[in-house]
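Everything below concerns the one structure shown next.
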Amino acid sequence: MLSASEDRTPLVRAVYHAPRGRTRMYQLAARIGQLFLRPDDYLIGIIGSEGSGKSTLIKGLFPGLELTNDDEGINKPTSAAFDFDPDAQFCGHTFHIDMRYEMAFHQMHEIVDTVKAIVNNKRRVIVEHFDLLYRHLGFNAQILFGLGEDLRVYRATVFGPSPFSVRKMAFESLKYRLMAHSAEDIMGRILRDKYHYQPQYLHSEVHHGFVVGFDEEPDWDLNQLEREVLEVIDSDISITPGEGDHVLFDGEPFICTGKRCHVKRSSQIENFRLLKHFKYDPMIGRYLLVGIVGDDPIAVEKHEGLPPMLGGEHDGHYSDLDHAGEHYTRF
């Protein structure tokens, strides 16, 4: 039998499209927890900007863990970590510290001492915004999660990766996820109100964009649909979280379980376009509508030399989705 020090998962980095929507993030987090988390991972770092889904990720990784100041409005005065007493009969095993929140109540040396005490006593602490603690703590987390457009998982060591490099990736890439989600929901509202189609949430991700799947190929003019989405984008409407599972477009609610994962105004969505044909995926039996945002030389519509589409009028058209799966996650 291998000792704890020898039995190590050979993970360097795993990269996933960061899903939009609470349920899908829970599901991905649960899988990642099974694959990569070890019982002796005592220090876990979470890094990501506002609206990236950090609280949802943590809840999926650690069901039942109480979070301070989380996105659901559950506000505790401070983390239970600061009452840590390893000799107490009912002392907890897993704690959560939100650095941005706790820095308003505690000095940095208090946070550092608390984290070290928990780890040294072989208890677990999940540190949100770990990049703010790293330099003061003096050592890295055992596993790092960076949440931007992608969800990246790192088995960290003293040799890296640096939480600062993880932060740079997460913060710079998040804008594409926010733009794509907002454009997707704007299109969903148009489909509901003008096309009398109720989205079924057969959704997935693509590099700098989104994918919506249909059991049957819709008879829609995609050029017209694109123009209608662009009209809303150009009108510069406000996009804010609403009550329950709703996002508000200029105060009008639209159902969304990722209501914080949006740009603040529609005019912040850059270079939106739709691919002008539905792509049929025979592996899942669905017709795929792809929307893209931003300027990127490796956006999916730029790929060439991929297999032709199958069937009828689509013969001769080439796939706009990456055949290696780097840019497209199946439903």
Side-chain angles (χ1 to χ4, degrees), residues 17 19-21 149 173 175-239 247-250 252 254-256 258 261-281 284 286-304 306 308-309 311-322 327-329 331:
H17 284 300
R20 296 181 288 274
E149 180 180 31
S173 69
K175 70 173 187 177
Y176 298 105
R177 183 157 156 245
L178 302 183
M179 290 192 295
H181 192 190
S182 298
E184 181 181 15
D185 279 357
I186 288 172
M187 188 186 74
R189 190 176 69 153
I190 291 171
L191 292 178
R192 181 197 65 186
D193 296 343
K194 294 187 176 182
Y195 291 69
H196 308 294
Y197 172 79
Q198 185 64 41
Q200 300 299 311
Y201 300 102
L202 306 178
H203 294 187
S204 189
E205 283 70 38
V206 70
H207 183 65
H208 289 190
F210 61 85
V211 180
V212 183
F214 305 89
D215 292 332
E216 298 181 358
E217 184 173 8
D219 183 20
W220 297 337
D221 182 339
L222 296 184
N223 287 290
Q224 176 63 24
L225 178 58
E226 179 183 87
R227 286 193 294 269
E228 291 170 341
V229 175
L230 287 171
E231 287 176 3
V232 176
I233 291 173
D234 293 341
S235 67
D236 192 30
I237 63 174
S238 64
I239 305 176
V247 63
L248 304 178
F249 293 101
D250 258 359
E252 294 295 323
F254 183 78
I255 189 166
C256 176
C261 186
H262 287 277
V263 296
K264 297 186 183 302
R265 302 198 67 86
S266 62
S267 60
Q268 295 175 292
I269 301 171
E270 302 171 1
N271 195 23
F272 170 78
R273 65 269 192 204
L274 290 175
L275 301 191
K276 299 309 186 296
H277 60 269
F278 291 90
K279 171 66 179 175
Y280 180 70
D281 186 339
I284 59 175
R286 289 178 180 156
Y287 294 87
L288 308 179
L289 174 59
V290 181
I292 305 295
V293 296
D295 293 309
D296 190 334
I298 62 169
V300 292
E301 76 266 33
K302 302 296 184 182
H303 288 285
E304 297 179 352
L306 303 185
M309 298 182 69
E313 60 180 332
H314 297 306
D315 287 345
H317 290 279
Y318 285 83
S319 167
D320 297 304
L321 301 179
D322 189 288
H327 297 298
Y328 170 49
T329 303
F331 297 82

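Listed for the D250 side chain is a donor-acceptor partner under 3.5 Å among the backbone atoms of S238. Remark: the backbone N or O of H208 is paired with a side-chain donor or acceptor of E149 at under 3.5 angstrom. Looking at E226, its side chain does come within 3.5 Å of a backbone N or O of L274 through a donor-acceptor pair. A donor-acceptor contact shorter than 3.5 Å links the side chain of S266 to the backbone of I237. Between the R273 side chain and the G294 main chain, a donor and an acceptor come within less than 3.5 Å of each other.
Scanning all heavy atoms of the two residues, the minimum distance from D295 to Y176 falls at O-OH, 4.5 Å. Between E205 and P19 the shortest heavy-atom distance is OE2-CA, 3.6 Å. A pairwise comparison of heavy atoms in I269 and A183 identifies CD1-N, 3.8 Å as the closest pair. Considering all non-hydrogen atoms of both residues, R20 and F210 come closest at NH2-CB, 3.0 Å. Nearest heavy atoms, E184 versus V212: OE2-CG2, 4.1 Å.
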query: Would L225 and L191 count as a side-chain contact (heavy atoms from CB on, under 4.5 Å) if you check the C-alpha gap in whole Å, the side-chain angles of each, and the deciding distance to 0.1 Å?
result: CA-CA 9 Å; L225 178 58; L191 292 178; 4.0 Å; yes

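Atom CG of residue D219 and atom OH of residue Y195 lie 10.5 Å apart, to the nearest 0.5 angstrom. Between the CD1 atom of I255 and the CZ atom of R189 there is a distance of 15.0 Å, given to the nearest 0.5 Å. How far CG of L248 is from NE2 of H262: 10.0 Å, rounded to the nearest 0.5 Å. With values rounded to the nearest 0.5 angstrom, H277 atom NE2 is found 13.0 Å from Y287 atom OH. A distance of 10.5 Å separates CD1 in I186 from NE2 in H181, rounded to the nearest 0.5 Å. In this structure, I190 CD1 and D185 CG are separated by 11.0 Å, a value rounded to the nearest 0.5 Å.
Residues S267 and D234 form no side-chain contact, since every pair of their non-hydrogen atoms from C-beta on lies 4.5 Å or further apart. Proximity of D215 to R286: side-chain heavy atoms (C-beta onward) are separated by under 4.5 Å at one or more points. With a 4.5 Å cut-off on side-chain heavy atoms, L289 and L222 count as touching.
Within 6.0 Å of atom CD in Q224, more than 12 heavy atoms from other residues, nucleotides or ligands are found, so the atom counts as buried in its surroundings.
Among residues two or more places apart in sequence or in another chain, the ring-ring contact (aromatic ring centres under 6.0 Å, His included) test is passed with F249 by none.
A salt bridge links R265 to D236: one of the charged nitrogens lies within less than 4.0 Å of a carboxylate oxygen.
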